[in-house]
Amino acid sequence: MATPSDLPNQQWTSNLTGTSSLTLRTVPLPLPLPSCLGPDEVLVKIHSVSLNFKDAETVNGQFTHHKSISLPDEIVPCSDAAGSIFRIGAQVRRWQVGDRVLSVGVPDFWTGVLTEELLRGGIGASGKGVLCQYRVFKDYALVPTPAYMSDDEACTLQVAGTTAWMAMNGLRPLGHPGGQGETVLLQGTGGVSMQGLLIAKASGAEVIITSSSDRKLAQAKALGADHIINYKTTPAWDEEILRLTHGRGVDLIFENGGALTTVKSFNALKMGGTIVGIGYVSGKIDPPDERVNINVMVIKKNATYKGLINGPRERLDEMLAFYEKHQLRPVIDRVFAFEDAKAAFAYLESGGHFGKIIIKVA
Ligand SMILES: NC(=O)c1ccc[n+]([C@@H]2O[C@H](COP(=O)([O-])OP(=O)(O)OC[C@H]3O[C@@H](n4cnc5c(N)ncnc54)[C@H](OP(=O)(O)O)[C@@H]3O)[C@@H](O)[C@H]2O)c1
């Protein structure tokens, strides 16, 4: 086994001026191990990291809408990692060396409603991220990797998986996932949507998915999507959804789009339906000519419009049990080498991906 002094401990850093600012640095490990670890800390060897939209946003200095997240001048990006326990602190009982683990984005968020204080403790923005070869975690800031999944698959679960799970089930009682008899709209074919497709289909829902690409729509269809709409060639995709649902509208919408999609989402929603506000891939500022008072839209559809920031640990556990029960396998587009992290970020920003982009660390 390698001794700690043999370990080339490298990490990617960014000064938040864009993906070209990503720099690979060598940093010392806490030595000597394990006595340099706190009694409740573990050193994890990172194997795989998945990219999320927010990671590019953070590196570009644009992740600025949470008042509790203040970014340091230089960050280690990314929050989703799969790894294995390399060393444990003196009082650690949860883990043994070699256990496979996943990082948890907001480690102190166990149940209930997220607070600004909890959010401040998140990793990959205000807190050190996981795009590194080794990282120290509190022993409770990890969950076991599903045994049937590879590290590349499992490292996609924490942000994209939990967000999709919360969009489907966050308004339902814990332990009572829904979906049966419902029609769900997923916007785009990125990370959250593809986890949503897996979850919604395994839940018995009918799924409508939109994309800018016919190729990606064909891939989504092959994965079980019931209806596909190209939002570029069918800009009135909301009317198409009303046609597909015989004028009724959909029960639940993963609102990933933001500026260019929200008004249309309300049109495509059934009376009494739910829109889950997840993202803003089409922009954060509404076009002035499309501005409709949101209260009017909510009232008109007697809608529930629920904002979402990932989910608590109890929901992550619930989701992991669901994936295991249905043997779901996250959709991976491409795997990049650790040295090619810049190219992985550029690919994320190009929007060419279908599902998740992985960086293979070791
Ligand atoms: N609230 C939370 O807790 C949370 C958690 C995770 C992510 N998010 C947010 O959710 C959004 C998606 O994240 P992600 O990681 O899944 O992103 P991603 O993997 O980068 O996916 C982006 C996809 O969005 C689609 N898209 C772009 N413009 C669109 C439009 N006008 N209409 C419909 N789809 C459009 C594109 O799909 P096509 O190429 O198929 O057109 C693109 O591939 C981001 O805004 C992110 O910040 C929020």
Side-chain angles (χ1 to χ4, degrees), residues 50-58 60 62-66 69 78-80 105-106 109 114 118-119 122 124-125 156-167 170 185-198 208-221 223 225 228-238 241 253-265 268 275-284 286-287 290 306-312 315-316 319 330-334 344-358:
S50 72
L51 293 186
N52 292 292
F53 187 87
K54 135 182 113 37
D55 300 324
E57 206 185 351
T58 306
N60 287 324
Q62 295 165 343
F63 194 56
T64 52
H65 56 269
H66 290 297
I69 296 180
C78 302
S79 52
D80 277 9
V106 185
F109 184 24
L114 186 64
L118 290 171
L119 190 56
T156 69
L157 292 172
Q158 203 282 135
V159 171
T162 311
T163 300
W165 182 256
M166 288 295 287
L185 168 64
L186 306 173
Q187 295 177 348
T189 57
V192 173
S193 282
M194 286 305 99
Q195 306 276 9
L197 179 57
L198 299 178
I208 302 174
I209 192 156
T210 63
S211 174
S212 57
S213 155
D214 288 341
R215 174 185 58 81
K216 293 182 184 181
L217 286 170
Q219 286 177 271
K221 187 103 184 159
L223 285 170
I228 53 178
I229 306 173
N230 186 317
Y231 63 82
K232 291 278 187 213
T233 54
T234 308
W237 50 264
D238 48 336
I241 287 169
I253 297 178
F254 282 45
E255 178 55 31
N256 294 328
L260 300 184
T261 56
T262 310
V263 172
K264 287 180 180 169
S265 286
I275 296 178
V276 182
I278 300 174
Y280 36 76
V281 287
S282 69
K284 291 186 184 178
D286 287 344
E290 277 194 27
K306 173 76 178 77
L308 172 57
I309 305 178
N310 203 244
R315 291 293 189 171
L316 170 60
M319 177 204 70
V331 179
I332 294 172
D333 181 299
R334 268 177 76 177
F345 272 82
Y347 185 51
L348 176 74
E349 290 187 301
S350 79
H353 56 290
F354 177 86
K356 296 300 292 184
I357 300 166
I358 308 298

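Atoms within a ligand are numbered from 1 in the order they appear, just like the ligands themselves. Not measured: the values here are computed from a predicted model.
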Visitor: How far is atom 37 (O) of ligand 1 from the closest protein heavy atom, and which atom is that?
Guide: T189 N, 3.3 Å

Visitor: Note the single closest protein heavy atom to atom 12 (C) of ligand 1, along with its residue, its atom name and the distance in Å.
Guide: V281 CG1, 3.8 Å

Visitor: Check for me whether G351 has a heavy atom closer than 4.0 Å to any atom of ligand 1.
Guide: yes

Visitor: Any idea which atoms of ligand 1 are less than 4.0 Å away from a heavy-atom of V159?
Guide: 5 (C), 6 (C)

Visitor: How far is atom 5 (C) of ligand 1 from the closest protein heavy atom, and which atom is that?
Guide: T163 OG1, 3.1 Å

Visitor: Quiz question: by atom type and distance under 3.5 Å, do the side chains of S79 and Q158 form a donor-acceptor pair?
Guide: no

Visitor: When you measure from atom 17 (O) of ligand 1 to every protein heavy atom, which one gives the shortest distance, and what is it?
Guide: F53 CB, 3.5 Å

Visitor: For the side-chain contact (heavy atoms from CB on, under 4.5 Å) test, which of T163, V192, L186 pairs with N256?
Guide: V192

Visitor: With only distance considered, is N310 within less than 3.5 Å of ligand 1 through an N or O on each side?
Guide: yes

Visitor: Y231 versus ligand 1: do any nitrogen or oxygen atoms come within less than 3.5 Å of each other?
Guide: yes

Visitor: Would one find more than 12 heavy atoms of other residues, nucleotides or ligands at under 6.0 Å from atom NZ of K232?
Guide: no

Visitor: Among I278, L348, L260, which one has a heavy atom closest to atom 10 (O) of ligand 1?
Guide: I278

Visitor: Does any N/O atom on K216 come nearer than 3.5 Å to any N/O atom on ligand 1?
Guide: yes

Visitor: Look at atom 18 (P) of ligand 1 and say which protein heavy atom is nearest, naming residue and atom and giving the distance to 0.1 Å.
Guide: H353 NE2, 3.3 Å

